[in-house]
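Take a look at the structure below.
This is a predicted model, so every value here is computed, not measured. Below, read A as the first sequence line, B as the second, and so on, with proteins coming before strands; counting in each chain starts at 1. Atoms considered below: every heavy atom in the structure, side chains included; atoms not considered: hydrogens, waters and symmetry mates.
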Number of protein chains: 2
Amino acid sequence: MEIKYKVWVEKNGEILIGLGREELLREIEKTGSIRQAAENMGITYRKALYFLDAMEKRAGEKIVETFRGGPGGGGSRLTEYGKKLLKEFEKVVKEFEKAKERASKGLNLE
Amino acid sequence: MEIKYKVWVEKNGEILIGLGREELLREIEKTGSIRQAAENMGITYRKALYFLDAMEKRAGEKIVETFRGGPGGGGSRLTEYGKKLLKEFEKVVKEFEKAKERASKGLNLE
DNA sequence: TGATGTTATAATAATTTTAACATAAAAACA
DNA sequence: TGTTTTTATGTTAAAATTATTATAACATCA
């Protein structure tokens, strides 16, 4: 018996960031590459791009800086806004993790 | 900017009860009819039945008592287990509501 | 006995989401 | 100049979810 949850932030009724997108941003920060990040997460590069594109449209701000060619063929990194978004969402997740813990302890179902 | 979430309880990796199913049980309790409950929720009767069927299989217990014919054409009501399940899940939701409130206050995104 | 309103099941259609594939542009570097 | 590795976009295929339609059983009651 296990409690599970999803949490996300909406802006004008559309998802700005959620657990999946959070992981994507963290992986981009870590690897410096959207492609590598997608691979690590087990999603397609195509899908990762769709996520980022939607996030940026909804935020009205750039979240990743990308560059093609160059050493290593190119790469990506988070903008300041991207980093802030990630940080703010991590705070949200912490609250929900605590709620999950409390609720799990109180759960009385065999 | 709004925080949203979903929460559910799994048993052996399958959903036992979540926010949608919780509402369904509450509506059944209130109306005494699966069909009426489904209509109030804006889902099809068919889907409501699928939910109930899956819940009972996973719980290994009856959640609703149903009867066909009779006064009013038939009806349904929650079993003792169904009522307990509902009650336990409502406690879980309360914890998550609190988490949402706290996180909303701390959220710093324009 | 026929109308009623519910439970119940089967089968199909429509929609949405997810995955897969192909192709091109960019720029460093050997 | 060709190779490499990434970003970037378009298109199609597959899978999963959700919605719709049709049909029947049940038992009360007028």
Q | Interface residues of residues 72-81 of chain B with DNA chain D (non-hydrogen, below 4.0 angstrom) | A | none

**Q.** Backbone N/O of B/Q36 and side chain of B/T31: donor-acceptor pair under 3.5 Å
**A.** no

(Q) Taking side chain to side chain contact (heavy atoms under 4.5 Å, CB included) as the criterion, tell me which of B/V9, B/I63, B/L78 meets it with B/L85. (A) B/I63

Q. Is B/W8 reachable from A/W8 through a run of hydrophobic residues whose side-chain heavy atoms are each under 4.5 Å from the next?
A. no

Q) Is there a side-chain contact between B/L52 and B/L25, using heavy atoms and a 4.5 Å cut-off? A) yes

**Q.** Non-hydrogen side-chain atoms of A/K98 and A/E101 separated by less than 4.5 Å
**A.** no

**Q.** Nucleotide nearest B/Y45 when distance is taken to its side chain, options C/dA25, D/dT9, C/dT7
**A.** C/dT7

Q.
Let's see if you can work this out: which of D/dT6, C/dA20, C/dA28 has an atom nearest to the side-chain heavy atoms of A/R46?
A. C/dA20

**Q.** Lys/Arg-Asp/Glu bridge criterion (N-O < 4.0 Å) met for A/E97, A/K94
**A.** no

Q. Is any side-chain N of the basic residue among A/R26 and A/E90 closer than 4.0 Å to the acidic one's carboxylate O?
A. yes

Q | Sequence neighbours excluded - salt bridge (charged side-chain N to carboxylate O under 4.0 Å, His left out) pairs with any residue from residues 68-77 of chain B | A | B/E65-B/R77

Q: Enumerate the residues from residues 4-36 of chain A whose closest heavy atom to DNA chain C is under 4.0 Å, giving them by residue number; use none for an empty result.
A: none

**Q.** Residue mapping more 5' on DNA chain C - nearest nucleotide basis, B/T66 or A/Y50
**A.** B/T66

Q: Map A/G69 and B/T44 onto DNA chain D by nearest heavy atom, then report which one ends up closer to the 5' terminus.
A: A/G69

